[in-house]
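A short write-up of the structure that comes next.
What you see below is based on every heavy atom in this structure, not just the backbone, and it leaves out hydrogens, waters and symmetry mates.
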Amino acid sequence: MMILFRVVFGLFLAVSLGCFVTALIKRDPRWQRLGVRILKWTLIAAGGFFAVLILERLLGI
């Protein structure tokens with residue numbers, strides 16, 4: 001489960017970075033907004049994932 005999360009998390013970060021690079025090359029602010037949106041939701045999902053892991057450890061499930 002953890003390796004799958006790491007792969008998906010890494011891919012989303014790479015896509016976000018690609019959007020930022022595209023925004024720099026094309027000078028189109030839509031790509032930057034898309035990159036920020038992808039990064040924001042990736043970090044929110046990561047926070048939720050780690051919150052569940054911490055909760056499982058605390059409860060001993």
Show every donor-acceptor pair shorter than 3.5 Å between a side-chain atom in residues 19-27 and any protein atom, with sequence neighbours excluded, or say none if there are none.
unit_1: Thr22; atom_1: OG1; unit_2: Gly18; atom_2: O; d: 2.8

Cut-off 3.5 Å, no hydrogens considered: what does the side-chain donor-acceptor table look like for residues 36-46, sequence neighbours left out?
unit_1: Thr42; atom_1: OG1; unit_2: Ile38; atom_2: O; d: 2.6

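The same ILVMFWY cluster, assembled from side-chain heavy atoms under 4.5 Å apart, contains both Phe12 and Leu4. Under the 4.5 Å side-chain heavy-atom criterion for grouping Ile, Leu, Val, Met, Phe, Trp and Tyr, Leu34 is not connected to Phe9 through any hydrophobic cluster.
For Leu59, the side-chain contact (heavy atoms from CB on, under 4.5 Å) partners at least two apart in sequence or on another chain are Leu55, Ile61. Under the side chain to side chain donor-acceptor pair (under 3.5 Å) criterion, Arg30 pairs with Asp28, not counting sequence neighbours.
Other members of the cluster containing Ile54 are Leu58, with ILVMFWY side chains joined at under 4.5 Å, either directly or via other members.
Applying the ring-ring contact (aromatic ring centres under 6.0 Å, His included) definition to pairs two or more places apart or across chains, those involving residues 42-61 are Phe5-Phe49, Phe5-Phe50.
In terms of heavy-atom proximity, Ser16 sits nearest to Gly35 at OG-O, 2.9 Å.
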